[in-house]
Every structure is written in C-alpha cells, then in structure tokens.
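Here the structure is a predicted model, which is why all the values come from computation and not from measurement. Chain naming here is simple, since letters A, B, ... match the order of the sequence lines and numbering starts at 1 in each.
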Protein chains: 2
Amino acid sequence: MTVSRVLRNRGDVSKATREKVLSAAKALGYVPNKIAGALASQRVNLVGVIIPSLSNMVFPEVLAGISAVLDETPLQPVVGVTNYRPEKEERVLYEMLSWRPSGVIIAGVEHSAASRAMLENAGIPIVEIMDVDGEPVDSMVGISHRRAGLEMARAIIAAGYSRIGFLGTKMPDDHRARKRMEGFEEGLAEAGLALEDREFYSGGSALLKGREMTEAMLARSPDLDFLYYSNDMIGAGGLLWCLEKGIDVPGRLGLAGFNGVELLDGLPCQLATMDACRREIGRKAAEIIAGTAPEGAAGVRLELTPRLELGDTIRKPGQTA
Amino acid sequence: MTVSRVLRNRGDVSKATREKVLSAAKALGYVPNKIAGALASQRVNLVGVIIPSLSNMVFPEVLAGISAVLDETPLQPVVGVTNYRPEKEERVLYEMLSWRPSGVIIAGVEHSAASRAMLENAGIPIVEIMDVDGEPVDSMVGISHRRAGLEMARAIIAAGYSRIGFLGTKMPDDHRARKRMEGFEEGLAEAGLALEDREFYSGGSALLKGREMTEAMLARSPDLDFLYYSNDMIGAGGLLWCLEKGIDVPGRLGLAGFNGVELLDGLPCQLATMDACRREIGRKAAEIIAGTAPEGAAGVRLELTPRLELGDTIRKPGQTA
DNA sequence: ATGAAAGCGCTAACAT
DNA sequence: ATGTTAGCGCTTTCAT
C-alpha cells in the first residue's frame, strides 16, 4: 500500500494522501508492526548491549554514553545483563542475535568459545568494550586495566609507600579486576616489592565491605602503609572508616581506589582513583556501530588513557610521612 | 520442515532425526530468526520495562527483581529509559509496542494522553509500578509515596522535632518525590506544623549535593532541628557533613532519607529511612506478566507497605534532645 | 503519484 | 514420525 510509503516518508506521496493516512493512523491508534517490517526489510534498528551488571555505578554510565550517541540515530540500545557469568552471556547473546540486531556492544574480551563463535559469525559490527588487553573479534574500545594497575603501583611507590595491601572482589570472572591486580603486582615487582596482604569479598554492600575489610586487614597487618582497593566503593568505605578512627591519611596510611565514580565527590576528602573513561567508552562504541566514528566501523582498536587522580589520600612529593 | 519442531521441542520427532538436526545446527552456527518466528506465531517472548533512570540505586534493584522472576520463564526483559521525560516515555513506549511484546512494566501512574492511549490499546498485560497513588491502566504494584511521607512526618513529630526543613530534587516529573513531600507536609499540618525551609537541586553528585545543601540550609535556618531528604543519597551526604562538623545527631538535629539503599549500611551511623520495597515490586510485576502471580494477570492492584527504619538519626522515645 | 505482487523465514494446521 | 502448505504484516520492485 501507499500507507507504508507515508509512514516511512519514502517515495513520492501527494500531500493530500499523506495527511489522510496520517490522521487515519492516529485515529486508529495504529502502531506499525516492526516484526513484519524487519522481516521484510532485513533491517533491525536495534543494538544489543551486553554488560555484566547494573548494580554498580560503572555500567550505567557506559550506557549513558551509548544512549547519548544512539539518540541521534535511528538505532536503539537493548541491554542484556550477564551477572559476570559466561553461560548467561551465552544465553543473552544467543537471544539477542536471534533478533538480528544492527550491531552488538559487549563488555570484555573474554568469552566462551560458543559466544566467540556467535560473535564471529553474526555478520554485524561487534564492539568489545572496557578492556583492551586481549584479541577482539572485530572492534575494541577501552583502557588497559593491566596498565592502570601498573601505573597506580608506580605512583604509590613514587610517593614513598612500600608496605602495601590489596582489597578486592572475589570474582573469578571479573577479568578486569584481575588484570588490574596483576598489573599492580607487576608494578610493585619493578621496585622489588610484593603485596604484603590481600583480601577479597563477594556480595553485600560494597561500602560496608570496604569498611569491614579495612578494619580486618589493619588488625591483621598493622604495619601496612597503603591500601589499594579494586573499586572506589570499597575504597570509600575504607576511607570513611579511617577517618572515623582518626588514622592519618595520607601520612600514616595511603589509600586508592579505581573508577573515578561521581560518588567520591561527596566524601569528606578525595580518594585517589583512576578514571575508567566509562562514558567515553560508551560514546565511542556507539559511534562505531552507528558508523559515525572517524576511525571507521570495523576492526577499530581504540585504547583510551585513564587519568590518575591523586586526590587527598596519597602523599604529594613535598608531604612527609 | 521438521527442523522447526526439533528446535522448539515440539511434536513427535524421532531421536535420530533430532540428533541429526541439532548437530547440523551447531555445525553451521545456526541462530534461528526470531523475527520470522514471531511474525508467524504472533508471539514474542519479550517484556518491555520502562523506567526513568538507571543512575540511582533504585531502578536497577527493581530490574533485579524482575529478572529473577523472568529467568524462570521463557520471557526476557527489554529495558527502556525515559530520563523522567514524558516525550521520551512516549517514544520508548511506541518503539517497544511496535515489537509486540508479551507485556509492559512501566514506572509511575502518570503518563501523557498518548502514552496512556497506547497502553490501553496494546491488548497485553500492563503493570504500572512503584506508585499506587493514581488510577492504573491495568495492573499496579507499588507503595503509596504520599503515605510514606505522611508516616515519616508523624514519626518525626512523635520523636519531638518541630522545626523541619526539606531537601529534595528539582524534578517536576518525579511524581513520587513530589507525592512524598506533599504527604510529608500533610503530616506536619496534622500537628499544626509547616516546613520551615526547603531546597531543591538537580544534577551532579547526589552525595555532594546533600552535603552542600545541608550546609547552605543550616547557615540560612540555624534553628532547624530536623532535615528530611527526598532520597538516601543526599541524606547520606548531609549526614557525613553533620558528622564532620560535630553536630549532635540525633540530639540537636535529626535526619531522615528515603529508599533504604544498601549504601547506607556502610555509613558511620545509620540514616533513618523508609524502604521502598524495590525488589519486591519488581518480582510482583514480573509475576503478573508471567501469569504466575496468585493475584491473577490483569487488573491486579497491589499496595506494599514500606518499613520505617529509625536508624541512629532520629531520637528514640527515651533519648533527650 | 499510486497500485499490485512477491516474498522475508518462520509456525501452524493439515496431509501423508 | 515426517512432509506440505498457507499465511504472519510488512517492504520492495515493478507496473500503471
């Protein structure tokens, strides 16, 4: 019918007919059936976005970046959550691909063999995000978490700390947290140092866990002069606890987290951290899918550089211990 | 073909053929085309979930409740975010309905005329969530925010506070925050009281805003003996600021927030709050769509009861001012 | 500028 | 237990 032409603003349609169709559609409360449309046109304006979690502050911000870009295009994000579980990632990916989206943005470069095969055979642009330490299927946008850990270690050592503890998540499938820790240990090793203590948690309120783990670690290893947290939320918990106990931060004890979450702005003092470029990663990934990225639309490899923010919890050069 | 039968475990298929089809499918990396399937069967295993925001802690938790329930069913959630904007809600809803989902879960009971018309004509189960102060299109699961505000006011007055300030978001379209404030003022009015000061913010780090607004309000109205925050995040910022300044909480100044977010567990002391039953709301809404709710699948009206948690920031009966 | 017809890749109903 | 057929509601192409 001509109707189809009107609703998609295609082809030549006379003004009169157009108006008539439009008003009829509105009167009937007509909503076109995209299923049929997609089947006929072999085009689907959906972009699959697969992320491990929504409950921390990091992925929602990536999503915000993606949405900001896609809002300017006909594309729409559809998000799937894996809870850091490879089997769930497989399921979610399978479901998504069965809708034949225009592209997929997926967190991480580690995937099960089946997932990787699906991504490779999908025949659409794939962007793996967050992490660049690995071989991408197609495009890749992120930061090097290994390097982030490494540089934080160097900064800490440069500030004169040497007895260092690590506090993080107990997540075998959070590869980025793992890589940060490995990079961090590598950085310590450069200076002939090693982690003196470490502790991992899972589940629960991160702020509370940070508080509890800090207390436990300091009770166990009172000589530590620095604590590196695998994320800002537990770091903030630790910081609050130290402040409460009157511990001299950063003199007696230095602290650092990771992510650069907005939350930190509201703390009594600024926790040292490293910005993970979350929003920018989302923007870039979306641009690659939308085909508006200057870098192109396939095989792009983009490594962003996280900014180290010393804040108030690492000694500055002049400051004495 | 028989293939269709195998992939959907339907009808009688011999073991041998089944195996053959399955292995062939795997070898070819075959992913079925749900578009064609949906068109043919007139069934789509998608549930549209429309929420205003992902950047606070409240909606992700609702989503977690929804996912937990839908994971046991063939249904899959697809989320859309409106940023509290009615026009965006309209667009997102239109897009979703054009995929003919099995149901829609949507936050709030206030919608534009066009959105309401779409919901009414969709011919699928609709569940409006979070808020029960209004007339639903179909089903409704939530709490009464008006009553939540009212009861908080009563508790505060019962504890002996009388010079009360309000701090909240400047969001004309956050109807739930508005209703809480209205209910709160109603509660004050019962005791012949009224708000002595109020301040609203928008954007930025909520924790930081809470800190700044608290400082500003106390500078302006030093006689206040209670601050009611429209959410826990700004409440936490205010609490941290008070602790820092050595203000006697809850003796000299009482504080309360709203939501019952997990974050509060990690604070130096427990902020009074009211649990919004977020996870439970998500679960119930999903059950209604899935048809597994004992209440039925259409026209359900479910009001949950938020629990008041006095924490450490409201005086207990025995405590003196 | 408009209409007619084929067909997208499946499912459902009906053969066999 | 397996094969056959007619659509699902659009888009596309070709005709008028």
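- Between A:Asn33 atom CG and D:dG9 atom P the separation is 7 Å, expressed in whole Å.
- Rounded to an integer number of Å, the gap from B:Ile35 CD1 to C:dT11 P is 13 Å.
- Rounded to whole angstrom, the span from the CD atom of A:Glu19 across to the P atom of C:dT2 amounts to 12 Å.
- Side-chain atoms of B:Glu128 come within 3.5 Å of backbone N or O of B:Val137 as a donor-acceptor pair.
- Side-chain nitrogen and oxygen atoms of B:Arg43 include at least one within less than 4.0 Å of the OP1 or OP2 phosphate oxygen of C:dA12.
- One finds a salt bridge joining B:Lys88 and A:Asp71 here, because a Lys/Arg side-chain nitrogen approaches an Asp/Glu carboxylate oxygen to under 4.0 Å.
- Listed nucleotides: D:dT12, C:dC10, C:dT2. Nearest to the side chain of A:Ser41: D:dT12.
- For the pair B:Asn45 CG and C:dT11 C1', the computed distance is 15 Å after rounding to whole Å.
- With sequence neighbours left out, A:Arg91 forms a side-chain hydrogen bond (donor to acceptor under 3.5 Å, both in side chains) with no residue at all.
- Phosphate contact (OP1/OP2 of D:dG9, side-chain N/O of A:Tyr30, threshold under 4.0 Å): absent.
- Contacts of B:Glu120 classified as side-chain hydrogen bond (donor to acceptor under 3.5 Å, both in side chains), with partners at least two apart in sequence or in another chain: B:Arg116.
- Looking at which nucleotide of DNA chain D each of B:Ser14 and B:Ala40 is closest to, the 5′-most match is held by B:Ser14.
- Checking the phosphate oxygens (OP1, OP2) of D:dT11, a side-chain nitrogen or oxygen of A:Ser4 falls inside 4.0 Å.
- The side chain of A:Gln42 contributes an N or O atom lying less than 4.0 Å from OP1 or OP2 of C:dG9.
- Look at NZ on B:Lys34: it is 12 Å from P on C:dC10, rounded to the nearest Å.
- One atom, CG of A:Leu39, and another, P of D:dG9, lie 12 Å apart when rounded to the nearest Å.
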